[in-house]
There are 2 protein chains.
Amino acid sequence: MEKDLKERIKEVAVDHFNNNGYHGTTIRNIANEVNCSLPMIYYYYKNKKELFDEIIKKDYFDLLKKQATLLSTNNIIDFYTKFVYDLNSLSDYDKKVYRLGIKVYLSFDGDEELMGIMDEWEKTILPRHYQLIKPYLKNRDNDLAMVRTLIHLLETLIVSIVVKNRFLSEEEIREEISIVLRRCE
Amino acid sequence: MEKDLKERIKEVAVDHFNNNGYHGTTIRNIANEVNCSLPMIYYYYKNKKELFDEIIKKDYFDLLKKQATLLSTNNIIDFYTKFVYDLNSLSDYDKKVYRLGIKVYLSFDGDEELMGIMDEWEKTILPRHYQLIKPYLKNRDNDLAMVRTLIHLLETLIVSIVVKNRFLSEEEIREEISIVLRRCE
DNA sequence: ATGTAACACTAACGAACGTTAGATAAAGGA
DNA sequence: TCCTTTATCTAACGTTCGTTAGTGTTACAT
């Protein structure tokens, strides 16, 4: 019982929500694994939904925002390669939070309120990356399509690492990003 | 009560499994929406799990196999554009089945047995597409990376249409596929 | 007419769920 | 010393779950 009980509850909750979904997760199972009594969970969290919401609204979006504020280097391919590769070394907890967030993002879990928040975030993705890549673009007619393609590729790479829990080498990440950003080299 | 009751049960079940996950779906809710009594579901399906399994093992893989047997035209970009674009016009039922399958594929639902089946299928993807694209490749050192990148792009496009229920125009699909397959033109 | 199979129901079982009431024990300030 | 706060518990509430036992009802073959 080294760590804070509230923190331990959330860690176990992330694990269970991840493996069994919102409905498949029970407060009793969480309490059992944390080795505390059942009402202790209600002592720290109002109810099941608040526990789930805090993970998404706080922990998941903290992760996303931290990732979004990374600054581009002078090489756009280096930057995006690192952007993806670094996900490999996320802590187990962060990886699970990320995975749970993607689950909600794809509306595989959570409720409509959370989906709305996800939609808002999604709208910021294309403009943000476009601004980031802009300096490297050669002003061709399909510039926007290239950014869109990159984002689509990134999404699958992120899912591979975070959701399917695969390790992707820096080399293969770079290869694929280079194929899409070929004209920026 | 026009259609077969067994069929109607499955249709409603697909809907509920999709919206609420396996654990969030109850036999009572299904029976209510189908407007039949509760034991009728057990008359046609041994239990809840068998109902879920039949949807994935039969309907989802039928969809995948049908898609996999499509023959390439003489233009590889045309082929893949059509491959993705046609998903837009899948029936509502098929789209939901597809979505549910992807949910299991990403291990967001289902059990370990189903995950095993998904893993087996996944292994066939890269060789299959490589064989398909091979004739159009210029034998460069990053040919395999290109096929991998294409598959990764396709995955996101499929998720957009089937999971997020977006409509993708033929034009934007073609643009993105062309960016990846640029050297095959 | 009678038997049998297929289709449908009502009612209930036991188990598990989310949640809460209420007690206890320790700690610290007044 | 007494009171309040914080952290923890046991026990239970009412509800809903998956599942089944048991019973009709139709339709068709013999």
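Side-chain atoms are counted along with the backbone in the values below, which use heavy atoms only and exclude waters and symmetry mates. Just so it is clear: chains get the letters A, B, ... in the order the sequence lines come, proteins before strands, and each one is counted from 1.
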Residues 37-47 of chain B, side-chain donor-acceptor partners within the protein, below 3.5 Å, at least two apart:
unit_1: B:Tyr45; atom_1: OH; unit_2: B:Lys6; atom_2: O; d: 3.4
unit_1: B:Asn47; atom_1: OD1; unit_2: B:Lys49; atom_2: N; d: 3.3
unit_1: B:Asn47; atom_1: OD1; unit_2: B:Glu50; atom_2: N; d: 3.0

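Judged as a side-chain hydrogen bond (donor to acceptor under 3.5 Å, both in side chains), and not counting sequence neighbours, the contacts of B:Lys57 are B:Glu113. With sequence neighbours excluded, the residues satisfying salt bridge (Lys or Arg N to Asp or Glu O under 4.0 Å) with B:Asp78 are B:Arg174. Taking A:Lys95 as the reference, nothing meets the side-chain hydrogen bond (donor to acceptor under 3.5 Å, both in side chains) condition, with sequence neighbours excluded. Legend: residues meeting salt bridge (Lys or Arg N to Asp or Glu O under 4.0 Å) with A:Glu112, ordered by chain and number and at least two apart, are absent. By the ring pair (Phe, Tyr, Trp, His ring centres under 6.0 Å) test, B:Tyr22 pairs with B:Phe17, B:Phe52, sequence neighbours left out. Remark: A:His129 engages A:Tyr80 in a ring pair (Phe, Tyr, Trp, His ring centres under 6.0 Å) (not counting sequence neighbours).
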Exercise for review: Sugar-phosphate means primed atoms, P, OP1 and OP2; the rest is base. With that split, encode nucleotides 9-21 of chain D 5' to 3' as B, S or - using protein heavy atoms under 4.0 Å.
Suggested key: BB-B----BBBBB
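Across all strands, A:Tyr45 comes closer than 4.0 Å to no nucleic acid atom at all (heavy-atom distances).
Remark on the helix from C:dA1-D:dT30 to C:dG29-D:dC2: inter-end axis angle 10°, axes from five-pair C1' superpositions, rounded to 10°.
Residues in residues 99-108 of chain B take part in these salt bridge (charged side-chain N to carboxylate O under 4.0 Å, His left out) pairs, two or more places apart or across chains: B:Lys103-B:Asp109. Listed by first then second residue, pairs satisfying salt bridge (charged side-chain N to carboxylate O under 4.0 Å, His left out) with a partner in residues 65-76 of chain A number zero, not counting sequence neighbours.
Scanning DNA chain C 5' to 3' for nucleotides with an atom closer than 4.0 angstrom to a non-hydrogen atom of chain B gives a first and last hit of C:dA6 to C:dA12.
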Check your understanding: Does the pair A:Asp59 and A:Tyr93 meet the rule for a side-chain hydrogen bond (donor to acceptor under 3.5 Å, both in side chains), with working shown?
Key -> CA-CA 10 Å; A:Asp59 295 29; A:Tyr93 177 75; 2.6 Å; yes
